[in-house]
Protein chains: 2
Amino acid sequence: MTKIGIRYTKPRKLVFEALEHLSKPVSANEINDYLKNKIDLTSVYRTLSLLIKSEMVNVILFGEGKKRYELKNKNEHHHHLVCEKCGDVKDVEMKESSLLKSVEERSKFVIKKHNLEFFGLCPDCQ
Amino acid sequence: MTKIGIRYTKPRKLVFEALEHLSKPVSANEINDYLKNKIDLTSVYRTLSLLIKSEMVNVILFGEGKKRYELKNKNEHHHHLVCEKCGDVKDVEMKESSLLKSVEERSKFVIKKHNLEFFGLCPDCQ
DNA sequence: AAATTATTGCAAATGATTTGCAATATTGCA
DNA sequence: TGCAATATTGCAAATCATTTGCAATAATTT
Ligand SMILES: [Mn+2]
Ligand SMILES: [Mn+2]
Ligand SMILES: [Zn+2]
Ligand SMILES: [Zn+2]
């Protein structure tokens with residue numbers, strides 16, 4: 001009987017806008033800072049869970065002990081290059097189908113997804 | 001004047017043996033469980049830091065919100081394939097030099113390292 | 001064996017993320 | 001438009017992984 005509905009609320013609007021505006025992998029805290037604490041950190045997390053479940057957001061790991069989130073948006077599937085000096089992040093696209101196929105063949109696994117991030121020095125920092 | 005010395009102690013012996021025996025990416029807690037709490041969790045962490053600094057151990061991220069550690073040992077540089085159903089982990093080796101070179105050329109970054117992990121279903125689970 | 005000082009265990013701190021719950025806001029419908 | 005139904009929020013507290021301070025203890029040196 002009861003209809004389930006996902007409501008369009010202020011926190012959701014704001015978190016989405018923040019992700020859109022920042023347009024790079026950001027932490028929950030960075031979203032909160034950007035929003036100047038207009039909403040509670042808890043709501044940031046809850047909205048992120050929602051966006052992840054509905055496949056609008058990707059979780060990205062740089063190994064800092066926290067998660068980063070990025071809007072899937074228009075961009076194609078891609079990875080990142082992080083400058084270890086200045087922290088700058090650059091998107092990296094590449095053709096990986098043959099690599100994936102090769103791994104599947106050798107392992108007999110069916111691959112569902114993968115994480116790939118690069119770390120190094122950007123042109124300015126090297 | 002004072003010599004600095006790194007001591008060969010029971011916790012260090014045990015953590016190393018645990019990593020050797022488990023021989024796959026394990027969490028600090030799993031090491032501690034394997035050692036049946038013979039040493040404190042803090043010492044596990046401290047020994048791991050030491051082993052990482054001396055490049056004997058690699059940190060691996062599966063995105064569970066915690067780090068995993070694996071002995072570098074004899075094995076070459078490699079990545080992993082994780083079964084999302086049974087949790088089984090398989091090593092994956094591949095030639096990635098051309099891929100790395102391509103990313104460096106396109107981005108102008110100098111790449112120092114990268115993380116790459118695959119997730120899917122193992123032969124038994126699919 | 002004693003002195004030196006690195007290392008340990010334990011408790012407490014920290015940081016990220018999650019959860020419980022009562023107060024509040026959205027929505028569908030009268 | 002007005003309200004009831006219920007999804008969502010904020011706030012506090014809980015949880016989990018990891019780190020830190022410090023006095024007690026163990027490994028090395030002399
Ligand atoms: Mn990106
Ligand atoms: Mn491995
Ligand atoms: Zn840089
Ligand atoms: Zn499996």
Side-chain angles (χ1 to χ4, degrees), chain A residues 1-19 22 24-54 56-70 82 87 115 117, chain B residues 1-19 22 24-54 56-70 82 87 115 117:
Chain A
M1 301 295 130
T2 57
K3 283 219 182 71
I4 46 102
I6 289 195
R7 299 177 177 177
Y8 191 51
T9 63
K10 176 177 148 202
R12 289 172 184 175
K13 212 171 309 187
L14 291 174
V15 169
F16 190 89
E17 285 173 13
L19 286 167
L22 298 168
K24 63 174 177 180
V26 287
S27 66
N29 246 306
E30 287 169 346
I31 293 174
N32 208 233
D33 288 349
Y34 173 74
L35 295 177
K36 306 251 189 56
N37 300 288
K38 278 204 282 287
I39 61 174
D40 196 85
L41 221 207
T42 308
S43 298
V44 173
Y45 277 111
R46 284 195 273 230
T47 300
L48 286 170
S49 304
L50 203 65
L51 292 172
I52 292 164
K53 196 170 356 155
S54 48
M56 304 181 71
V57 159
N58 271 138
V59 177
I60 290 156
L61 299 171
F62 288 162
E64 318 143 292
K66 66 185 162 204
K67 291 173 179 169
R68 292 187 167 269
Y69 309 84
E70 185 178 51
V82 182
N115 294 338
E117 311 297 340
Chain B
M1 305 295 126
T2 56
K3 283 223 183 67
I4 45 98
I6 289 195
R7 299 177 177 178
Y8 191 51
T9 63
K10 176 177 147 202
R12 291 171 183 177
K13 212 171 308 188
L14 291 175
V15 169
F16 190 90
E17 285 173 14
L19 286 166
L22 298 168
K24 64 175 176 178
V26 287
S27 66
N29 247 306
E30 286 168 348
I31 293 173
N32 207 233
D33 288 348
Y34 173 75
L35 295 178
K36 306 249 187 58
N37 300 289
K38 279 204 283 287
I39 62 175
D40 194 85
L41 221 208
T42 308
S43 298
V44 173
Y45 277 110
R46 283 195 273 232
T47 301
L48 286 171
S49 305
L50 203 66
L51 293 172
I52 292 164
K53 195 169 359 157
S54 48
M56 303 181 72
V57 158
N58 271 139
V59 177
I60 290 155
L61 300 172
F62 288 163
E64 317 145 292
K66 66 185 164 205
K67 292 174 178 167
R68 292 187 167 269
Y69 309 86
E70 184 179 52
V82 182
N115 294 338
E117 311 299 340

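The sequence lines fix the lettering, A, B, ..., with proteins before strands; numbering per chain opens at 1. Source: prediction; values computed, not measured. Excluded from the calculations below are hydrogen atoms, water molecules and symmetry mates; all remaining heavy atoms, backbone and side chain alike, are included.
Atom NZ of A:K10 and atom C1' of D:dT9 are 10 Å apart (whole Å). If you take CG of A:N37 and P of D:dC11, they are 10 Å apart, rounded to a whole angstrom. The CD1 atom of B:I6 sits 11 Å away from the P atom of C:dT8 (whole-angstrom rounding). If you take OH of B:Y8 and P of C:dT8, they are 13 Å apart, rounded to a whole angstrom. Rounded to whole angstrom, the span from the CG atom of A:N32 across to the P atom of C:dA16 amounts to 12 Å. In this structure, the CD atom of B:E64 is 15 Å from the C1' atom of C:dA16, given to the nearest Å. Atom NZ in B:K38 sits about 16 Å away from atom P in C:dT8, given to the nearest Å. Whole-Å rounding puts the A:K66 NZ to D:dT18 P distance at 15 Å.
A:D33 pairs by the side chain to side chain donor-acceptor pair (under 3.5 Å) definition with nothing, not counting sequence neighbours. Considering only residues two or more places apart in sequence or on other chains, B:T9 meets the side chain to side chain donor-acceptor pair (under 3.5 Å) condition with none of them.
Considering only side-chain atoms of B:R7, the nucleotide from C:dT7, C:dA25, D:dA17 that sits closest is C:dT7. Checking C:dG9, D:dT8, D:dA27 against every side-chain atom of B:P11, the shortest atom distance belongs to C:dG9.
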Candidate pair A:V26 and A:E70, rule side chain to side chain contact (heavy atoms under 4.5 Å, CB included), full reasoning: CA-CA 7 Å; A:V26 287; A:E70 185 178 51; over 6 Å; no
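Within 4.0 Å (heavy atoms only), A:K67 reaches sugar-phosphate atoms of the nucleic acid but no base atom.
Using a 4.5 Å heavy-atom threshold, the side chains of A:Y69 and A:N58 count as separate. Between B:E117 and B:I60, some side-chain heavy-atom pair lies under the 4.5 Å cut-off. Contact check for A:L61 versus A:K67: side-chain heavy atoms found under the 4.5 Å cut-off.
Using Watson-Crick or G-U wobble geometry with both donor-acceptor distances under 3.5 Å, C:dA2 finds its partner in D:dT29.
Look at B:R12 and you'll find a side-chain N or O under 4.0 angstrom from OP1 or OP2 of C:dT7. Under 4.0 angstrom from either OP1 or OP2 of C:dA16 there lies at least one side-chain N or O belonging to A:N29. A close approach under 4.0 Å does occur between a side-chain nitrogen or oxygen of A:T9 and OP1 or OP2 of D:dT9.
With no hydrogens or angles considered, a side-chain donor-acceptor pair links A:T42 and A:D40 at under 3.5 Å.
Residues from residues 40-51 of chain A that place a heavy atom under 4.0 Å from any atom of DNA chain C, listed by number: A:L41, A:T42, A:Y45, A:R46.
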